[in-house]
Amino acid sequence: MTMEQVWLLPAIPAGVFVILSLFNRVLPRRGDFVAVLGMGTVVVLAVLAIADFQGAFHDGHFAPAPGANTYEFTWVNIGDGVLRIMFSTYFDAITAVMVFVVSFVALMVFLFSIGYMHGEERYGWYFAVLSLFAGAMLLLVTTNSLIFLYLAWEGVGLTSYLLIGFYWERQSAAEAAKKAFITTRVGDVGFLIGIILLWRVAGTFDIQELIHLAEEGAFSETYLTVSMIFLFMGAVGKSAQFPLHVWLPDAMEGPTPVSALIHAATMVVAGVYLVARTLPIFDLVPIAQNFVLYTGLFTAVMAATQGLVANDIKRVLAYSTVSQLGFMFVALGLGSVTAAMFHLLTHAFFKSLLFLGSGSVIHATHQQEVEHLGGLWRKLPITTVTFSIGSLALAGIVPFAGFWSKDEILLEAFELNPFAYAVLAGTAALTALYTTRVVLLTFAGRPRDQHAYDHAHESGPIMLLPLVLLATLALGSGFVAFDGVGRALGFVGGIGQVVTSHGEPHSFAFHPNIAVPATVLALLAIGAGFEYWGGNAIRAERARQWAPELHALLVNRYYMDNLYQAFIDRVVLGLAGIVARFEKSVVNESGVDGGAQTLNWMGFRLKFLQTGRIPNYALGMALGVLVLSIFALGGGE
Amino acid sequence: MIPIENFLLLSALLFAIGFYGVLARRSAILILMSVELMLAAVSINFIAFAAYMDPEAFTGLIFALFVIAIAAAEVGLALGIVLRVFRERRSSMVDDASSLKW
Amino acid sequence: MTASDGYVLLALVLIPIGTSVLLMFTPSKERGAVIGITGLSSLAMFVLSVYAFAMYDFEGEQFQGMLTIPWVSNVGLLGEKGIQLKLGLDGMAATLVLLTGIITMAGTWVSWKLTHRMKDYFILLYLVAGGVYGTWVMLDVFFFFLLYETAVLPMYLLIGVWGSTRKEYGATKLMMMLVGASILIFVGIFGAFSAAGLGTFDMEELFRAGETGLIPRNTQILLFPMVAVGCGTLAGMWPFHSWSPDGHASAPTSVSMLHAGVLMKSGAWGVIRLGFQMLPQGAEYWAPALMVIGITAALYGAISALRQTDLKLMTGFSSVSHMGYVFVGLGTLNVIGMSGAVLQMFAHGVMTALFFLLIGGMYDQSHNREIPNFSGMAKQMPIWTIFFVIAGLASLGLPGMSGFIAEVHIFIGVFRAYPVVGGLAVLTAAITATYLLRMFSQAFFGEFNPRWSHLREINYRERAGATVLAITILTMGIWPAPWIDRVANAVAQTIPGVSM
Amino acid sequence: MQERTALPPQFDRPIMLGGLLAGAVATPLLVVLVALRVVGLISSPEVVFWMAFGVVLAGALGTVMLSNIVHAALALVFTLLGIAAIYLLLGQEFLALAQVLVYGGGVTILIVFGLMLTNATEDPIVSDGAQKPFAFGVGILLALVFAVALLGHHWPAVGPAVISGAEFGERLFGEYTLAILTVGVLLDIALSGALLIARPDSPEESAE
């Protein structure tokens with residue numbers, strides 16, 4: 001499989017979706033093996049494609065032969081090129097990272113789901129939709145056309161909707177699915193506007209061509225800034241950045257493996273991917289780039305603070321996802337694709353690990369409130385170990401994967417924007433703190449819910465295998481940044497150089513000045529966490545009482561949801577009410593019925609002209625004759 | 001030789017008088033009689049024009065004849081209706097027969 | 001398409017009308033015969049429609065399959081060509097012929113469960129179908145208008161006799177508004193006819209007259225609003241839309257399908273044919289106004305739909321909103337936007353037919369359409385729900401569905417001309433998502449309301465109809481080239497004054 | 001069998017008054033006309049024309065103004081006979097004859113029958129409608145309009161052609177046979193219709 005055949009990657013899971021959605025009742029085991037086989041094939045093909053890509057390297061430069069890494073097919077063509085929408089794929093280092101992450105994590109999640117979702121009523125449908133998601137996500141990362149990117153973008157949105165609402169009998173799940181779809185849809189409005197604005201001047205949807213044109217100065221700066229900010233709105237929605245972050249915590253209503261795949265490792269990074277993909281254009285417009293930077297920065301802090309107080313184990317992870325995505329956007333805002341994509345890679349592994357670990361806990365105890373868990377390390381040893389590895393990676397402790405990638409972002413920030421650095425370092429400490437809290441409350445101490453504890457048991461091998469594999473990657477994937485490891489994998493100049501497919505190659509750097517303070521900070525935070533939540537929860541309770549308003553603010557998510565609800569209730573529905581009243585009273589009653597009634601009334605009045613007396617009629621006729629004859633006389637002369 | 005204007009003037013005055021009668025009177029029979037006046041006025045016109053303008057064409061005369069014939073038919077029919085109305089309402093005044101109002 | 005295919009077009013008009021006549025002589029107690037006749041007839045129409053669509057060569061002549069039969073000439077005002085039975089197909093019409101074939105077939109299937117005077121129902125329904133086919137293929141303004149009215153008039157009886165809820169009110173309102181609007185069309189047609197002074201109703205001649213200015217520019221500016229409002233009323237143009245929600249809410253299932261799916265499109269088609277093709281200079285003058293009306297309608301319909309609790313009313317307002325897009329697209333005066341408008345006519349036709357089919361399938365059992373009364377319907381009627389979600393997603397413009405193809409063309413076209421309007425149009429798509437998803441989560445998801453445990457899944461005929469429509473939605477969404485090629489070429493070649 | 005009665009008293013005075021009035025107006029008119037003829041200002045046919053003119057208009061005015069229906073009917077007879085004279089002046093012997101027969105005879109008798117069958121004989125005085133002033137205005141206006149139209153036009157100064165009864169008959173039953181037959185059928189149908197309408201349609205009604 002070569003780079004230009006990369007369109008096969010989305011095609012296979014899409015085919016699986018068709019097969020499963022039509023025949024899942026007929027196939028043995030509801031056809032889960034079809035999904036797993038399909039995904040396995042995709043992983044193999046993805047690795048082959050990456051190998052082909054790697055083979056195109058020589059002398060440390062990324063220079064495949066022109067066109068060798070693209071595939072094109074005309075989808076729509078109006079007026080011989082006035083509007084030409086191509087289906088096209090493009091393969092570069094970013095694609096390589098994304099393809100690997102998506103297909104690998106998806107395979108892990110598929111395997112995990114076999115155990116986790118066992119016995120569900122809509123088991124086959126679950127795999128069908130999950131496959132469709134994988135297909136859409138793979139299309140998203142391989143296509144080079146903004147329109148198809150949008151298509152895939154909405155496709156992952158749809159599957160996310162279907163999977164969040166998988167347990168639709170629960171009203172909360174249905175509401176969460178709706179909220180997710182509509183919130184991201186608001187972002188997509190901007191995304192589509194941005195796409196069309198870019199097309200309006202450039203006349204193409206081809207991303208590489210757009211970058212080329214933008215660099216040549218085809219756009220005015222203001223126009224480009226506006227377009228890119230619109231484009232970024234899509235990323236804000238999909239990657240749950242402030243102010244459209246509200247859907248992601250609620251999205252945890254979906255099955256846990258779904259959260260791992262979609263709402264941690266892949267779909268939510270689509271926004272990061274989009275900005276990374278178009279970063280050369282963002283580079284041209286500092287305002288838009290700073291917009292990305294500060295959005296990410298604010299979101300990172302905000303979500304981390306909320307993560308401190310959340311009780312649902314999955315929600316904590318969701319907030320941490322939002323926060324980590326903020327980190328990635330900061331990196332992009334600073335212009336470093338390398339750091340962002342590197343963090344995306346490691347984050348995908350350790351966050352999906354954490355989610356699957358939490359899934360294992362939930363599977364064992366049917367309980368996801370951390371306040372009701374505790375002491376599970378005795379019952380779930382493997383889960384505890386893997387979860388801890390993931391947590392350490394998230395907290396950024398040497399030598400786990402998260403350390404290296406976070407350090408890369410901090411380094412960039414330190415060099416370019418000290419303010420951002422300071423904020424991010426503090427946020428990293430917060431991350432360590434809430435991570436420690438979750439681990440301690442879940443696995444350490446005494447069981448707080450004896451019933452759940454008694455029934456807990458370690459999951460089967462089909463669920464543990466993904467945990468172990470992902471833990472390995474969470475432990476080791478950070479090292480690919482090193483030159484030697486990169487070379488060993490076949491990438492001349494190391495991974496860091498590869499990922500920067502554009503502009504100055506940027507190899508991985510490691511500065512003790514940055515790394516040591518960050519590590520110390522994280523360790524301090526972990527220590528503080530042990531101090532507060534290790535053993536008994538009394539101190540935590542005291543902390544809560546120390547600043548009740550602050551706690552309430554955080555628990556209520558800064559009242560953002562209330563604000564939105566109020567906006568919808570007051571403004572949107574209020575407007576709808578006004579329109580409905582307008583429709584009823586002006587258009588319907590006055591306009592249509594009113595017109596009819598006016599005629600009716602006139603008829604009622606005019607009917608009295610019909611006296612029924614012949615002389616009156618005759619007089620009318622006579623007057624008519626007179627008038628006519630006078631006209632005739634006047635006309636005759 | 002009498003100029004044609006004289007006949008036309010007669011016809012015009014006769015017609016106007018008949019018209020006045022139709023509009024002003026209440027009795028159906030009197031209205032019928034006024035209509036006869038108007039018809040006669042029209043006949044005079046026809047004949048005058050026929051005799052003065054184009055005697056060969058003959059059409060005006062035929063028309064006048066028809067007017068006479070049809071007037072006779074009309075009178076017969078109208079009187080039938082008047083009788084009928086009278087029998088229903090004990091009145092031959094047209095404004096008493098106003099059940100078609102509104 | 002060869003010249004002899006003109007007879008195919010003629011057949012498309014005559015088959016449904018002939019079926020009506022045939023049904024008149026069928027005893028009404030022979031339900032089997034009625035079902036057989038309508039089944040065969042709708043199948044024949046479908047096959048011929050697909051044939052016409054497939055055989056239309058989008059790189060060839062503008063009008064294909066021309067068939068001209070002189071009727072009245074050299075009488076009074078009429079000159080050499082006078083009134084002719086002239087048929088021909090262009091790319092836009094080919095698309096709409098296909099739409100009619102699909103919806104008529106699906107509508108026929110779901111109407112077979114009717115118990116009250118089924119034969120008479122089909123007589124009128126097929127009259128509508130014949131009229132609609134006629135408006136697509138007629139190239140003579142006289143016959144165009146004749147068949148246009150033929151399609152509109154039976155609606156009164158169809159809604160008044162077979163409708164539900166406030167059917168008399170809905171039927172009367174619909175009829176009064178549409179017939180009132182027809183007067184404007186009539187004035188527009190005869191105004192153009194006499195202004196051209198050619199003594200012919202031949203559309204091609206009149207198109208040429210409009211393009212070359214034989215119909216003076218000021219006359220065109222005067223006549224265009226009449227035609228646009230006249231035909232626009234049937235297309236649900238704001239603010240003349242108020243018949244649409246009421247009419248749809250009270251109409252029986254297949255009438256709603258045919259009406260919202262096809263007949264409303266013939267209103268928009270009238271605006272294209274009589275407005276943009278016959279009075280191009282007037283259209284150019286009024287295009288911005290059309291766009292303002294369109295975007296107002298789109299937003300207005302969407303916002304109104306947010307507040308509706310009746311499923312059919314919601315769909316009715318959604319139709320107003322989606323037809324607003326059509327006018328936005330037409331107002332762009334460029335090929336992309338106008339193609340988008342025609343594509344939207346097709347896409348909306350299919351999806352709205354699917355909506356009404358499903359609502360009807362459920363209403364027949366439950367006699368209730370209030371959204372808050374339902375909850376968790378996905379448990380009781382999963383297949384129904386899946387089809388409904390497909391229709392809803394197409395409606396909110398999800399990529400991969402027909403709605404997206406149409407909308408994205410309109411958006412791109414509008415952005416070319418008026419970016420601000422384009423932004424509003426995209427925003428409307430988000431509002432559409434909001435009301436549809438609110439409805440989904442209220443009615444389909446959540447805890448099942450046991451009050452509805454007597455409901456059964458939609459029957460196999462409805463499933464078949466829904467499948468045909470859903471497949472059309474997906475096909476166009478994934479492989480839109482056949483539609484776009486036909487429409488875009490026709491728009492570029494047959495509508496004067498259109499920029500690329 | 002009805003007893004023969006004298007003319008009712010209310011008939012006497014108006015008739016006599018009318019006669020006197022007519023005589024009072026007609027005598028000077030006649031004198032003036034004869035004088036003009038003798039002087040030679042007008043020709044003999046003109047004398048006849050103006051006399052007929054006076055009779056016709058006086059009769060017409062009587063028809064529309066007299067409040068007694070029977071008197072009005074009498075006045076109508078004068079008018080119709082005067083019109084016959086006009087026809088003669090125009091050279092139409094046959095039409096004049098027809099006029100006398102059909103109008104002066106048939107129609108008048110029909111009308112008198114109508115008067116008798118309604119209760120006009122018992123109460124022959126009728127009031128006029130409320131819109132009489134309007135009617136008067138309309139009548140005057142109409143006369144004015146006609147007069148303006150008439151006098152504003154220049155008419156050729158030719159005399160009337162005389163068409164004899166024989167010639168009339170020849171042409172009537174030559175070229176216009178079909179038309180005359182149609183009129184006959186029409187008359188037949190109309191009178192049958194009149195009969196049908198006027199006939200009492202139930203025994204109870206006829207017993208009334």
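By convention in this document, chain letters (A, B, ...) are assigned in the order of the sequence lines, proteins followed by strands, and residues within each chain are numbered from 1.
- With a 4.5 Å cut-off on non-hydrogen atoms, A/Trp199 touches chain C through its side chain but not through its backbone.
- Remark: A/Glu589 CD is packed, more than 12 non-hydrogen atoms of other residues, nucleotides or ligands lying under 6.0 Å away.
- Highest contact tally toward chain C, considering only A/Asn77, A/Leu197, A/Asp593, is held by A/Asp593 [criterion: heavy-atom pairs under 4.5 Å].
- Interface check for chain A: of the options C/Gln442, C/Met176, C/His409, the most heavy-atom pairs under 4.5 Å are formed by C/His409.
- Chain A forms the most heavy-atom pairs under 4.5 Å with one residue out of C/Val389, C/Thr434, C/Leu306, C/Asp246, and that residue is C/Thr434.
- C/Ala492 does not touch chain A: none of its heavy atoms, backbone or side chain, sits under 4.5 Å away.
- With respect to chain A, the highest number of heavy-atom pairs below 4.5 Å among C/Gly397, C/Ala302, C/Ala433, C/Ala378 belongs to C/Ala378.
- Neither the backbone nor the side chain of C/Ile431 comes within contact range of chain A; no heavy atom of the residue lies under 4.5 Å from a heavy atom of that chain.
- Only the backbone of C/Ile478 comes within less than 4.5 Å of a heavy atom of chain A; no side-chain atom from C-beta onward does.
- Contacts of A/Phe582 with chain C are made by both backbone and side-chain atoms, with heavy-atom separations under 4.5 Å.
- In this structure, C/His248 contributes its side chain and C/Ser244 its backbone to a donor-acceptor pair below 3.5 Å.
- With a threshold of 4.5 angstrom between heavy atoms, C/Ile412 approaches chain A through its backbone and through its side chain.
- Between C/Arg463 and C/Glu457 there is no salt bridge, since no side-chain nitrogen of the basic residue lies less than 4.0 Å from a carboxylate oxygen of the acidic one.
- Residues C/Ser242 and A/Asn588 have side chains that bring a donor and an acceptor to within less than 3.5 angstrom of each other.
- A donor atom on one side chain and an acceptor atom on the other are found under 3.5 Å apart for A/Tyr167 and A/Glu120.
- With C/Gln380 contributing its side chain and C/Ser453 its backbone, the two residues share a donor-acceptor pair below 3.5 Å.
- Highest contact tally toward chain A, considering only C/Trp238, C/Trp243, C/Tyr169, C/Phe444, is held by C/Tyr169 [criterion: heavy-atom pairs under 4.5 Å].
- Using a 4.5 Å cut-off between heavy atoms, C/Asn489 does not touch chain A at all.
- Side chain to side chain, C/Tyr435 and C/Gln308 fail the donor-acceptor criterion of an N or O pair below 3.5 Å.
- Annotation: C/Phe415 is not in aromatic contact with C/Phe411 [ring centroid separation under 6.0 Å not met].
- Among the candidates A/Leu162, A/Leu192, A/Val82, A/Ile578, the residue making the largest number of heavy-atom pairs closer than 4.5 Å to chain C is A/Val82.
- Top candidate by heavy-atom pairs under 4.5 Å with chain A, chosen from C/Val335, C/Leu396, C/Val487, C/Leu427, is C/Leu396.
- With respect to chain A, the highest number of heavy-atom pairs below 4.5 Å among C/Pro419, C/Gly422, C/Gly376, C/Pro245 belongs to C/Pro419.
- Atom NZ of C/Lys379 has 12 or fewer neighbouring heavy atoms from other residues, nucleotides or ligands inside a 6.0 Å radius.
- Heavy atoms closer than 4.5 Å to chain C are found nowhere in A/Phe87, neither backbone nor side chain.
- For A/Tyr150 and C/Phe404, the ring centers are positioned less than 6.0 Å apart.
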